[in-house]
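For the single chain, residues carry numbers from 1 onward in sequence order.
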Amino acid sequence: MAGELQDGIWPHPKFFFSVEIGGVGKMSFQEVSGLDTEAELIEYRAGSNKVRSQIKMPGMIKPGNVTMKKGVFVNDNKFWDWFKQIKLNVIERQTLTISLLDEAGSPTRVWKLANAWPTKITGTDLKAEGNEVAIETIEFAYERLTIENGDDATRTPSARTPAHD
């Protein structure tokens, strides 16, 4: 039944989170999406195999891009300045840390994106009749996603168990 307590534990709401960007520090975002990674599929069939179907094997790990949305503030050009640094594979890469927080503000789940950089920035749309906040969208490419539980964040880096390396 909807609204019933399951085994004494409620799932965490998704509206209380924090984002920290390596060289920039903590920043406020309205939305974070795209925290996904997948194993590419390898299909194979040996020519001498009597079964007329392929086998499927996991291949390389392929992280997706993460998209973040934030309000437009006066003189806040950090991402545009970072984006302007892109020159033939020369850009400062940062670690993005996204934390889902509990009621006390402590992390319960932490996503760490290694070697992230802004791959796309979309400015706000403008409407003369609109009544919304100006929001810009930043898309980040990254190379590796690790997931930690809240108690993992207090341990040393060597004691953490990465989800994907």
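Expressed to the nearest 0.5 Å, how far OG1 of T146 lies from CH2 of W111 amounts to 11.5 Å. Between I135 atom CD1 and K70 atom NZ the span is 8.5 Å, to the nearest 0.5 Å. Within the model, atoms NZ of K112 and CG of L145 stand 12.0 Å from one another, a figure rounded to the nearest 0.5 Å. Atoms CD1 and CH2, from I138 and W80 in turn, are 8.5 Å apart once rounded to the nearest 0.5 Å. Taking CD1 from I147 and CD1 from I98, the interatomic distance works out to 10.5 Å, rounded to the nearest 0.5 Å. Distance check, rounded to the nearest 0.5 Å: CG of D36 to CD of E38 gives 7.0 Å.
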Indicate every side-chain donor-acceptor pair of residues 19-30 with a distance under 3.5 Å to a residue at least two apart or in another chain.
none

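Using a 4.5 Å cut-off between side-chain heavy atoms of Ile, Leu, Val, Met, Phe, Trp and Tyr, with links allowed through other members, V110 and L101 fall into different hydrophobic clusters. Hydrophobic clustering of Ile, Leu, Val, Met, Phe, Trp and Tyr side chains at less than 4.5 Å, counting indirect connections, unites L96 with I86.
Smallest separation of non-hydrogen atoms from P63 and T37: CA-OG1, 3.7 Å. Between G59 and I42 the shortest heavy-atom distance is CA-CD1, 3.5 Å. Between I91 and P118 the shortest heavy-atom distance is CD1-CD, 4.1 Å. Of all heavy-atom pairs spanning K120 and T122, the tightest one is CE-OG1, 3.7 Å. Of all heavy-atom pairs spanning L100 and K14, the tightest one is CD1-CA, 4.0 Å. Closest non-hydrogen pair, Y44 versus M57, comes out as CB-CE, 3.9 Å.
In this structure a side-chain-to-backbone donor-acceptor pair under 3.5 Å is missing from R144 to N115.
Scanning for ring pair (Phe, Tyr, Trp, His ring centres under 6.0 Å) contacts around F140 gives F79, W82, with sequence neighbours left out. Considering only residues two or more places apart in sequence or on other chains, K127 meets the salt bridge (Lys or Arg N to Asp or Glu O under 4.0 Å) condition with D125.
The side chain to side chain donor-acceptor pair (under 3.5 Å) analysis of residues 48-69, with sequence neighbours excluded, yields the pairs N65-E139. Applying the side chain to side chain donor-acceptor pair (under 3.5 Å) definition to pairs two or more places apart or across chains, those involving residues 90-103 are N89-R93, E92-Q94, R93-E143.
In this structure, L126 shares a hydrophobic cluster with no other residue, the cluster being traced through Ile, Leu, Val, Met, Phe, Trp and Tyr side chains under 4.5 angstrom apart.
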Test salt bridge (charged side-chain N to carboxylate O under 4.0 Å, His left out) on K78 and D81; report intermediate values, then the result. CA-CA 5 Å; K78 293 178 192 125; D81 293 341; over 6 Å; no
